[in-house]
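This report concerns only the one structure given below.
Here the structure is a predicted model, which means the values were calculated and not measured.
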Amino acid sequence: MRPEERIILSLDGFVTIGDALTAVEAIGVRGVIVKMNDLLDECGVSAVRAFKERGFRVFADMKVHDIPDTAARRTARWRNAGADFLTVHASGHDEMMKRCVEAAGEKMKILAVTVLTSFDHVASMHVFGRSPSQTVGNLAFSAFMAGAHGVVASPKELRKLDEL
């Protein structure tokens with residue numbers, strides 16, 4: 001794997017395909033993964049297709065969280081659009097993540113979001129009843145058991161992930 005193939009370029013804040021493409025092409029590095037969220041909300045699958053046509057890998061940061069059937073259908077929609085990676089919330093639980101992994105097939109990787117980086121101790125206790133590090137560990141383990149290809153977590157929680 002070439003070094004640039006390990007780079008994930010966040011396109012947070014971009015809402016037009018033209019502006020996002022101009023910014024990425026100005027960097028001049030091919031092979032990077034482009035992470036989209038706002039752009040997907042605004043432009044949908046057209047954004048994925050525009051970047052795929054230009055040889056980029058696409059990370060659809062949709063943070064899918066729904067009942068298993070609906071989550072699987074959304075996963076299949078992004079797979080069919082050409083996304084290479086899709087985020088789902090690990091708090092959606094095992095069955096939802098399993099169904100997303102199945103719907104992703106061989107072409108797309110599922111990355112499970114553990115605890116949002118905006119959550120401090122108080123927010124984590126309020127929502128999950130546990131500290132961020134305890135919650136990250138539990139959710140990462142569930143993601144692993146469900147077959148997710150990776151997890152998204154705060155760097156603050158790396159030690160907890162290393163213990164799994």
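- With rounding to the nearest 0.5 angstrom, the CD1 atom of Ile27 is 9.0 Å from the CD1 atom of Ile7.
- Between Ala47 and Leu40, the shortest heavy-atom contact is CB-CD2, 4.2 Å.
- Within the 3.5 Å criterion, the main-chain N or O of Met62 finds a donor-acceptor partner in the side chain of Thr87.
- The shortest heavy-atom contact between Leu39 and Ala20 is CD2-CB, 3.8 Å.
- Considering Leu139, Val152, Asn138 as possible partners of Thr114, the one that fulfils the side chain to side chain contact (heavy atoms under 4.5 Å, CB included) test is Leu139.
- Shortest non-hydrogen contact noted between Gly82 and Val48 is C-CG1, 3.7 Å.
- Looking at Ser142 and Met97, their side chains come closer than 4.5 Å, going by heavy atoms from C-beta outward.
- What you find for Asp69 and Arg99 is that their closest heavy atoms are OD1-NH1, 2.7 Å.
- Residues Phe51 and Leu21 form a side-chain contact, since some pair of their non-hydrogen atoms from C-beta on lies under 4.5 Å apart.
- When all heavy atoms are compared, the tightest approach of His65 to Met96 is CA-SD, 3.8 Å.
- In terms of modelled atom types and a separation under 3.5 Å, the side chain of Arg130 and the main chain of Ser124 share no donor-acceptor contact.
- No donor-acceptor distance shorter than 3.5 angstrom exists from the side chain of His121 to the backbone of Ser131, with no hydrogens or angles considered.
- Note: the hydrophobic cluster containing Ile8 also contains Val113 (ILVMFWY, side chain heavy atoms under 4.5 Å, direct or indirect links).
- The minimum heavy-atom distance linking Ala23 with Phe14 is given by the pair CB-CZ, 3.5 Å.
- Val45 is listed as a side-chain neighbour of Trp78, based on a closest heavy-atom distance under 4.5 Å.
- Taking 4.5 Å as the limit, some side-chain heavy atom of Met108 sits within range of a side-chain heavy atom of Thr75.
- Lys63 has its side chain within reach of Leu116: a pair of non-hydrogen atoms, C-beta onward, lies under 4.5 Å apart.
- Here Lys98 contributes atom NZ and Ile110 contributes atom CD1; the two are 15.0 Å apart, rounded to the nearest 0.5 Å.
- Side-chain atoms of Arg49 and Ser46 form no donor-acceptor pair, as typed in the model, at a separation below 3.5 Å.
- Taken to the nearest 0.5 Å, the SG atom of Cys100 stands 11.0 Å off from the CZ atom of Arg73.
- For the ring pair (Phe, Tyr, Trp, His ring centres under 6.0 Å) test, no residue two or more places apart in sequence or in another chain qualifies with Phe85.
- Here CG of Asp61 is found 9.5 Å from CG of Asp41. Values are rounded to the nearest 0.5 Å.
- For Phe128, the CZ atom counts as densely surrounded, since its 6.0 Å shell holds more than 12 non-hydrogen atoms of other residues, nucleotides or ligands.
- Under the salt bridge (charged side-chain N to carboxylate O under 4.0 Å, His left out) criterion, the residue pairs touching residues 75-93 are Lys52-Asp84, with sequence neighbours excluded.
- With sequence neighbours excluded, the residues satisfying side-chain contact (heavy atoms from CB on, under 4.5 Å) with Val127 are Phe119.
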